[in-house]
Amino acid sequence: MLDLKFVRENPDAVRAGALKKRLPDRAAAVDKALAIDAELRAMLPRLDAMRSEQKNAGKEMGKLSPPEREAFLVKQKERKVELQAHEEKEKQLRADLDVQMGLIPNVPDSDVPEGKDDSENVEVRRIGTVRQFGFTPKAHYEIGEAQGWLDFNRAAAMAGSRNYILFGDLALLHDAVLRYAVDLLVARGFTPIDPPLLVRDAAMFGTGFFPGGEEQTYRCEKDGLNLIGTSEVPVTSLHGGEMMSEDQLPKKYVARSACFRREAGTYGKDTRGLYRVHQFHKVEQVIVDVGDKARSIQHHHEIVKNAEDMLQAFELPYRVVAVCGGDLGVPQAMKYDIETWMPSRNGYGETHSASRFYDYQARRLDLRYRQKEGGKATYCHTLNNTVAASPRILIPLLENHQQPDGTIMVPPALRPYLGGRAVLGKPVF
RNA sequence: GGUGGGAUGGCAGAGUGGCCGAUUGCGGCGGUUUUGAAAACCGCUGUGCCCUAACGGGUACCGGGGGUUCGAAUCCCUCUCCCACCGCCA
């Protein structure tokens, strides 16, 4: 949610922002919101005056003698009828305004590149050397199935397409990665969280996934609850409705959770392997801090670095891209993706997504703090980034560290989580 | 699942139809006192919206929504959440 005052004063910038995100419908919401706002403001002085009149007249009532009251009552009832019509109108306008305001996207920051989709994201840096194999490398699913680590057929039989089952060492590697990610962030001062996986609509709306993301979300209609697609939703919502004191900030959280995505509209896309699946596990970092732009940008770099440090420890080549306007989500002001080298794709595949929102989510969540200086109630800023999403991260781990016989070299950083083992699997090729 | 009790400002906690945007305490801010600090004392201290150049004024908000009434924090309905007890289950 943007500040209504800001929208009123900068309609062109807000409209241009929606268009930079390639969201013309949402740009139209700007004009609708402003039209409703104008109509509302036109009636407010009159409405307030009527209320004032009725209120004051009502106060006199108690002091009047019974016969005087009778006459007064007639007059007051007339006022009431007239007021009710206006209040009805006001309520309708406010409800309509809320809908339109909820549709207006966050304005992309100036460092967001122009572009229509992910093909126009801009590479910021490229780290690590892509390995030259002395043999023909296998895809992760070939290795996984040969090792008996992966079963897509049985998964599909019991749970439908885009599902998987991990067995044996791959199940252990999956867990090892997630534990490493949590430990890394805890060592850096983040508070670990095990959040709810089913949340109310308010949390989905507050983080900006609704309206718009309903088709991507598994919903338990009976209970009005939604399965989270990322722990960003419960963790960012954690302090929603609260008034924190400035000393409590920043809040830094790292959550490990299962995530669920319907992947509607992706038929035929990334159908093989572990890349695009309905259910996965993710370690996510979330920061809530004061409403200061420079500080948000500083945090943004910090959370990207946390993820980069993990990839470097895993000895995986990757690149960081600045996500262009057309590939940016509704609530984000700016986003970096990290893409890790995946030999089977002969390219970099997205493994991380780091967003900053400024106060967009905080406004929707009513997430505020009281400033130390002056005591003013102010909206927080929020940010988040993946630390590790698995099994997707298993793709580069298996593929980049494979050996000709189908066994996998374990990067030293992960060995303590695997009983000290340096190699997983047995020769299968 | 059943029964009963609750939800009030940053926090705690009064308030059962007009005198209540709301007593009081804590916290916070400012001041007096002090070499400085603490303590004590005095004053100030919710948020949104509208009007105003400003001073200031108006209005809405007592968990959410609806209703009764000239008038609702207060009465009624409903939803959500919290607490207690019973049942069931892990």
Side-chain angles (χ1 to χ4, degrees), chain A residues 1-9 33-102 194-206 210 219-226 234 237-249 251 288 290-291 359-360 362-380:
Chain A
M1 191 85 73
L2 294 176
D3 179 12
L4 177 57
K5 236 177 249 165
F6 178 83
V7 177
R8 210 181 271 153
E9 287 162 12
L34 289 175
I36 297 164
D37 179 49
E39 195 180 342
L40 185 60
R41 272 148 57 97
M43 73 176 290
L44 276 179
R46 175 87 206 286
L47 182 63
D48 280 355
M50 285 168 64
R51 279 182 171 138
S52 179
E53 188 189 2
Q54 207 228 24
K55 201 169 152 184
N56 287 322
K59 277 183 184 171
E60 297 302 312
M61 185 69 67
K63 302 172 187 165
L64 296 176
S65 63
E68 287 173 317
R69 281 177 97 125
E70 289 304 316
F72 220 82
L73 266 180
V74 176
K75 178 67 185 162
Q76 278 295 79
K77 284 186 180 175
E78 285 168 16
R79 288 194 176 111
K80 186 185 179 180
V81 170
E82 196 190 352
L83 227 186
Q84 272 177 339
H86 280 74
E87 286 186 327
E88 199 98 350
K89 179 75 178 165
E90 183 205 16
K91 204 187 301 171
Q92 187 60 51
L93 287 174
R94 286 196 193 278
D96 292 347
L97 183 58
D98 281 348
V99 169
Q100 297 305 324
M101 285 301 291
D194 183 8
L197 308 181
L198 282 165
V199 299
R200 292 177 188 286
D201 289 345
M204 298 300 290
F205 177 86
F210 288 177
R219 181 169 174 83
C220 305
E221 196 52 62
K222 225 173 174 177
D223 300 290
L225 295 171
N226 308 283
S237 301
L238 183 64
H239 297 287
E242 291 181 24
M243 176 76 73
M244 293 186 281
S245 68
E246 192 170 336
D247 327 312
Q248 296 176 258
L249 299 172
K251 293 282 191 190
V288 177
V290 295
D359 62 3
Y360 189 88
R363 282 179 185 281
R364 295 167 83 104
L365 289 165
D366 190 26
L367 174 49
R368 296 179 299 169
Y369 68 102
R370 199 168 284 291
Q371 284 185 356
K372 225 178 180 132
E373 202 73 17
K376 200 172 152 44
T378 312
Y379 288 106
C380 294

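Owing to the predicted nature of the structure, the values given are computational and were not obtained by experimental measurement. In the text below, chain A, chain B and the rest are named by the order of the sequence lines, each starting its count at 1.
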Span that lies between the [atom1] atom of [M] and that of [N], in whole angstrom:
N      : M      : atom1 : result
B:rG21 : B:rG46 : P     : 15 Å
B:rU59 : B:rC20 : P     : 16 Å
B:rU24 : B:rA14 : P     : 15 Å
B:rU32 : B:rA37 : C1'   : 16 Å
B:rG64 : B:rA7  : P     : 13 Å
B:rC19 : B:rA60 : P     : 13 Å
B:rA73 : B:rG18 : P     : 10 Å
B:rC61 : B:rG66 : P     : 11 Å

Quick one: [X] [atom1] to [N] [atom2], roughly how many Å, whole number?
X      : N      : atom1 : atom2 : result
A:R79  : B:rU69 : CZ    : P     : 18 Å
A:E90  : B:rG48 : CD    : C1'   : 12 Å
A:L44  : B:rG48 : CG    : C1'   : 12 Å
A:K55  : B:rA60 : NZ    : C1'   : 8 Å
A:Q54  : B:rA72 : CD    : C1'   : 12 Å
A:Y369 : B:rU47 : OH    : C1'   : 16 Å
A:M243 : B:rU45 : CE    : C1'   : 13 Å
A:M50  : B:rU59 : CE    : P     : 13 Å

Go ahead and name the base partner of [N]; Watson-Crick or wobble counts if both distances stay under 3.5 Å, otherwise write none.
N      : result
B:rA60 : B:rU47
B:rU68 : none
B:rA90 : none
B:rA84 : B:rU3
B:rA14 : none
B:rC41 : B:rG31
B:rG36 : none
B:rG9  : none

Which part of the nucleic acid, if any, lies within contact of A:R200, taking any heavy atom under 4.0 Å across all strands shown: a base, the sugar-phosphate backbone alone, or nothing? sugar-phosphate
Does A:K77 reach a base, just sugar-phosphate, or nothing at all? Heavy atoms under 4.0 Å. sugar-phosphate
With the threshold set at 4.0 Å, does a side-chain nitrogen-carboxylate oxygen contact exist between A:D201 and A:R219? yes
Is a salt bridge present between A:K251 and A:E242, judged by a nitrogen-to-oxygen distance below 4.0 Å? no
Select from A:D37 and A:A49 the residue whose nearest nucleotide in RNA chain B is closer to the 5' end of that strand. A:D37
Select from A:K372 and A:R368 the residue whose nearest nucleotide in RNA chain B is closer to the 5' end of that strand. A:K372
So with a 6.0 Å cut-off around CD of A:E88, is the heavy-atom count from everything else above 12? no
Would you tell me if any nitrogen or oxygen in the side chain of [X] comes within less than 4.0 Å of OP1 or OP2 on [N]?
X      : N      : value
A:S52  : B:rG58 : no
A:R8   : B:rC50 : yes
A:R370 : B:rG10 : yes
A:K376 : B:rG46 : no
A:K80  : B:rG71 : yes

Mark yes or no for whether A:Q248, through its side chain, and A:S245, through its backbone, hold a donor-acceptor pair below 3.5 Å. yes
Within the side chain of A:R364, is there an N or O that forms a donor-acceptor pair under 3.5 Å with the backbone of A:F205? yes
Determine whether A:Y379 and A:L367 make a side-chain contact, defined as any pair of heavy atoms from C-beta on separated by less than 4.5 Å. no
Compare all side-chain heavy atoms of A:D48 with those of A:R51 and state whether any distance is below 4.5 angstrom. yes
Could you point out which residue of A:E87, A:K80, A:R79 forms a side chain to side chain contact (heavy atoms under 4.5 Å, CB included) with A:L83? A:E87
Taking the side chain of A:R51 as heavy atoms from C-beta outward, which of B:rC70, B:rA60, B:rC49 is closest to it? B:rA60
Looking at the side chain of A:D48, which of B:rC49, B:rU59, B:rG71 is the nearest nucleotide? B:rU59
